[in-house]
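Order of the sequence lines sets the chain letters (A, B, ...), proteins ahead of strands, with each chain counted from 1.
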Amino acid sequence: MSLYEKIKDKIYVHLEEAANLARVKGQLAYDELPPFVLEEPRERQLGDLATNLAMILTKQCRKAPRDIANIILENMELTDTWIAKGEIAGPGFINFHLDSSWLTGVIPEVLLLEDKYGSVDIGKGQKLQVEFVSANPTGLLHMGNARGAALGDSLAAILTMAGYDVSREFYINDAGNQIHNFALSLEARYLQQLGHDVPFPEAGYHGEDLIKTVRMIIEKDGDKYISMEEELRRESLVRQALEEKLQDIKSTLEDFGIFYDEWFSEQTLHDSGYVRDTTSELEKKGYIYEKEGALWLKSTLLGDEKDEVLIRSNGVPTYFAADIAYHRHKFHRGFHKVINIWGADHHGHVARMKGSMQALGYNPDSLQIILMQLVRLIQGGEVVKMSKRSGQYITLRELMDEVGKDAARFYFILRDPDSPVEFDLDLAKSQSADNPVYYVQYAHARLCSILRQATEQGYDTHINPDKKQLSLLSSAEERELLKKIADLPGEIATSAKMAEPHRLARYVLDLAALFHSFYNSQRVLIEDNDLRIARLGLVKSTKQVLANILGILGVSAPERM
RNA sequence: GCGCUCGUAGCUCAGCUGGAUAGAGCGUCUGACUACGAAUCAGAAGGCCAGGGGUUCGAAUCCCUUCGAGCGUACCA
């Protein structure tokens, strides 16, 4: 637990005790103390911490909030809390001003913990899986996948910081209908490239990349598949194409800074009989019935709008059947918690997926699905409809080439997944120097520069400021910066609990702003020995925190730029 | 039709487990480089938080409703 959290906890407890004491004395009448908030007030001048306790008690106590606040304050023990002053403000907030010395304790903490600073242990080592991107291997990665990639990877990193044993997983949809379509498309392209006039399947994949794939096969094997029996030909083409596509997806994601622990093949679930086994498990539990030759899941019993087909009348399991098996398999592997990142177009799938887990005896709350709104691409002022079938989309590779990995990842991670993103390519390109990511990176480079200069001027940067020196950090800018740094563990905890990486992107922007502000108002490399050492400690701490968060967000922290 | 998500500054977005005067970036306007990096800083202007009702000490936030946008509603995935 960080210093800041310890202080907060202590004050919280003292508030509870004060209210209780007032009740015993007959000054306040309430049955049960409701949960209240102790947090930083919006306006910093108002104090370091504020609570709404008095206002929450108005109903039960039938007193004006300010009167209640007065009573609580009178009964509150202030020693050993770092509280310098408590006062009542506004509609009935109790604001606390802390003794200025508590804050500086964060510097030794950061310098000691280094890249571990910010870690919290809410996960307690539990096994947790984040599955994200899981794009169909029938084409290239597009903007929507890019968003999911940035989101999932950062979330995984945050959860790791929060004490979970995290595994990143990519589910490969290498079975089913779309693979059949893929085969037909490949076959058509193959024959066309070899001069045969064959029609392209209507529901096929029109992407240009498919032609490239086919050409590579031709280069390697020539026309040897023409004479082959149809089924065998398609299978051979698909096998090679899938491998090539997957390799491409993998290397693109690696260039985007994303490395998976597990690439899980859907086909293996069919081959091993796990899909069938899962279906019969559901049958045993009474969730299956037959109608018109197909096997249906009674998903209406599980909170769904209508029942769903699991096994088609032709005997082929649906995508849904495989997906249930897949998620059952995840829990079977021992994950306490499973998080999926899906595009919002799959939202109808959420309730029945959770319901299915419940039917299989798992806690549906252990499966958390984060829906992200799709990315709308704007080019030349117009919306570009993206679709793999039509072959019209901007790929992740192109995005990285044009906007850069850091800017692209930061752009996506800055936004709430629930918020639809309009990605104006022209704007992103033309304004790339104004992208907020550079603001943060510049702060890091600046910090590095100060440390370089310090060394050049003969100052020792391997410092460990003592209490007396740290107490010199008393300007408003220094204190704001220190507070922000002290906030990090709490920020990590909240981001992890709520599964919201964009909070950290906002945090790091705030941190950079506070540093720039400090930098412009006070010099670090000054003659005063004690103050210089204290400020160098602040500089080193800020740099460390920036680097820690940029690492989580998958953005590089340059020493120069 | 029904269901899910969204609607906040000119633009792109935060804030939504109810709290004090609704924030940031871009753009616009004023200032600051003979000081550790001006990719920066200090300041100004800009809002019926889509509209209407309700809940309460208090609503951008919760509930109802209207309007608008996106998505879903296949023996597709």
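Relative to the side chain of Pro91(A), the nucleotides rA14(B), rA20(B), rG37(B) differ in distance, and rA20(B) lies closest. For Ser419(A), counting side-chain heavy atoms from C-beta on, the closest listed nucleotide (rG37(B), rA14(B), rA77(B)) is rA14(B). The nucleotide whose nearest atom lies closest to any side-chain atom of Met55(A) is, among rC13(B), rC57(B), rG37(B), rC57(B). In this structure, the nucleotide among rA20(B), rU12(B), rU17(B) sitting nearest to the side chain of Tyr411(A) is rU12(B). Of the candidate nucleotides rU12(B), rA20(B), rA14(B), rA14(B) has the atom nearest to the side chain of Asp416(A). Candidate nucleotides rC6(B), rG37(B), rA20(B) were compared by shortest atom distance to the side chain of Ser449(A), and rG37(B) ranks first. Nearest nucleotide to the side chain of Asn177(A), out of rA20(B), rG37(B), rC76(B): rC76(B). Among the nucleotides rG37(B), rA77(B), rA20(B), the one closest to any side-chain atom of Ala89(A) is rA20(B). Residue Arg415(A) places its side chain closer to rA14(B) than to any other of rA14(B), rA42(B), rA20(B). Distances were taken from every side-chain heavy atom of Met561(A) (C-beta onward) to each of rG15(B), rA39(B), rC36(B); the shortest belongs to rA39(B).
Counting distance only, with no hydrogens placed and no angle test, the side-chain atoms of Asn435(A) and the base atoms of rA39(B) include no donor-acceptor pair under 3.5 Å.
One interatomic measurement links the two molecules: CG of Asp418(A) to P of rU8(B), which rounds to 15 Å at whole-angstrom precision. What separates NZ of Lys354(A) from C1' of rC4(B) is a distance of 14 Å, to the nearest Å. Summarising the geometry, the separation between NE2 on His444(A) and P on rC36(B) is reported as 20 Å, rounded to the nearest angstrom. Atom-to-atom, CG of Asp304(A) to P of rG3(B) comes out at 14 Å; the value is rounded to the nearest Å. Between Leu374(A) atom CG and rA69(B) atom P the separation is 18 Å, expressed in whole Å. Following rounding to the nearest Å, Phe515(A) (CZ) and rA38(B) (P) show an atom-to-atom distance of 10 Å. rA77(B) atom C1' lies 14 Å from atom CD1 of Ile324(A), rounded to whole Å. Atom CD of Gln453(A) and atom P of rC36(B) are 8 Å apart (whole Å).
Using a 4.0 Å cut-off, no side-chain N or O of Arg535(A) falls inside it from OP1 or OP2 of rC36(B). For the OP1/OP2 pair of rC41(B) and a distance below 4.0 Å, the side-chain nitrogens and oxygens of Ser521(A) include no atom meeting the criterion. A sub-4.0 Å separation between OP1 or OP2 of rC41(B) and a side-chain N or O of Tyr439(A) is present. Of the side-chain N and O atoms in Gln373(A), none sit less than 4.0 angstrom from OP1 or OP2 of rG70(B). Between Thr58(A) and the phosphate of rC57(B), there is no side-chain N or O to OP1/OP2 separation shorter than 4.0 Å. Here Tyr442(A) reaches the OP1 or OP2 of rA39(B): one of its side-chain N or O atoms lies under 4.0 Å away.
Contact annotation for Ala445(A): base contact, defined as any heavy-atom pair under 4.0 Å involving a base atom. Val37(A) comes within contact range of no nucleotide atom at all, as no heavy-atom separation falls under 4.0 Å. If you check every strand for non-hydrogen atoms under 4.0 Å, Pro65(A) touches nothing. Using a 4.0 Å heavy-atom distance criterion, Asn95(A) is classed as a base contact. Using a 4.0 Å heavy-atom cutoff across all strands shown, Ala50(A) reaches at least one base atom of the nucleic acid.
In this pair, Tyr326(A) and Tyr171(A) present their aromatic rings parallel. The plane angle is below 30°, not in the 30 to 60° band. Note on ring orientation: taking the six-membered ring where Trp is involved, the planes of Tyr289(A) and Trp296(A) are parallel (angle under 30°, cut-offs 30° and 60°).
In this structure, Arg506(A) and Glu266(A) both approach RNA chain B, and ranking their closest nucleotides by distance from the 5' end singles out Arg506(A). Residue order along RNA chain B, read from the 5' end via each residue's closest nucleotide, puts Ile94(A) first among Ile94(A) and Ala454(A).
Across the P atoms, rU65(B) and rC4(B) are found 11 Å apart, a figure rounded to whole Å. To the nearest whole angstrom, the two P atoms, one in rC13(B) and one in rU55(B), are 35 Å apart. rC6(B) and rG15(B) have their P atoms separated by 11 Å, with the value rounded to a whole Å. A gap of 42 Å separates the P atoms of rG58(B) and rG72(B), to the nearest Å. Comparing rG37(B) with rA20(B), their C1' atoms sit 39 Å apart, to the nearest whole Å. Between rU21(B) and rC49(B), the two P atoms lie 15 Å apart (nearest whole Å). To the nearest whole angstrom, the two P atoms, one in rG25(B) and one in rA44(B), are 12 Å apart. Remark: the separation of the C1' atoms in rU61(B) and rG7(B) is 14 Å, to the nearest Å.
Inspection of the His180(A) and Arg234(A) side chains reveals no N or O donor paired with an N or O acceptor under 3.5 Å. Counting only N and O atoms by type, the side chains of Glu478(A) and Ser475(A) include a donor and acceptor under 3.5 Å apart. Under the 3.5 Å distance criterion, with hydrogens and angles disregarded, a donor-acceptor pair is assigned to the side chains of Thr278(A) and Arg328(A).
With both pairing distances under 3.5 Å, rU17(B) is matched to nothing as a Watson-Crick or G-U wobble pair. As the counterpart of rG43(B), rC29(B) is assigned, both hydrogen-bonding distances of the Watson-Crick or G-U wobble pattern falling under 3.5 Å. The base-pairing partner of rU55(B), taking Watson-Crick or G-U wobble contacts with both distances under 3.5 Å, does not exist among the strands shown. When Watson-Crick and G-U wobble pairs are counted only if both distances are under 3.5 Å, rC4(B) pairs with rG70(B).
Using a 4.0 Å cut-off between a side-chain N of Lys or Arg and a carboxylate O of Asp or Glu, Lys337(A) and Asp365(A) do not qualify as a salt bridge. Note on Lys8(A) versus Glu39(A): no salt bridge recorded, every NZ/NE/NH1/NH2 to OD/OE distance being 4.0 Å or above.
The side-chain heavy atoms of Lys330(A) and His327(A), taken from C-beta on, include a pair separated by under 4.5 Å. Inter-residue side-chain proximity for Val545(A) and Tyr507(A) is flagged as met; some heavy-atom pair is nearer than 4.5 Å. The side-chain heavy atoms of Ile179(A) and Leu242(A), taken from C-beta on, include a pair separated by under 4.5 Å.
Applying the side chain to side chain donor-acceptor pair (under 3.5 Å) definition to pairs two or more places apart or across chains, those involving residues 493-503 of chain A are Glu500(A)-Arg503(A).
Every residue two or more places apart in sequence or in another chain was checked for a side-chain hydrogen bond (donor to acceptor under 3.5 Å, both in side chains) with Glu16(A), and none qualifies.
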For nucleotides 72-75 of chain B, print each protein N/O atom paired with a nucleotide N/O atom at under 3.5 Å, atom names and distance only.
{"from": "rC75(B)", "atom 1": "O2", "to": "Ser313(A)", "atom 2": "N", "distance (Å)": "2.7"}
{"from": "rC75(B)", "atom 1": "O2", "to": "Ser313(A)", "atom 2": "OG", "distance (Å)": "3.1"}
{"from": "rC75(B)", "atom 1": "N3", "to": "Ser313(A)", "atom 2": "OG", "distance (Å)": "3.0"}
{"from": "rC75(B)", "atom 1": "N4", "to": "Glu292(A)", "atom 2": "O", "distance (Å)": "2.8"}
{"from": "rC75(B)", "atom 1": "N4", "to": "Glu292(A)", "atom 2": "OE1", "distance (Å)": "3.4"}

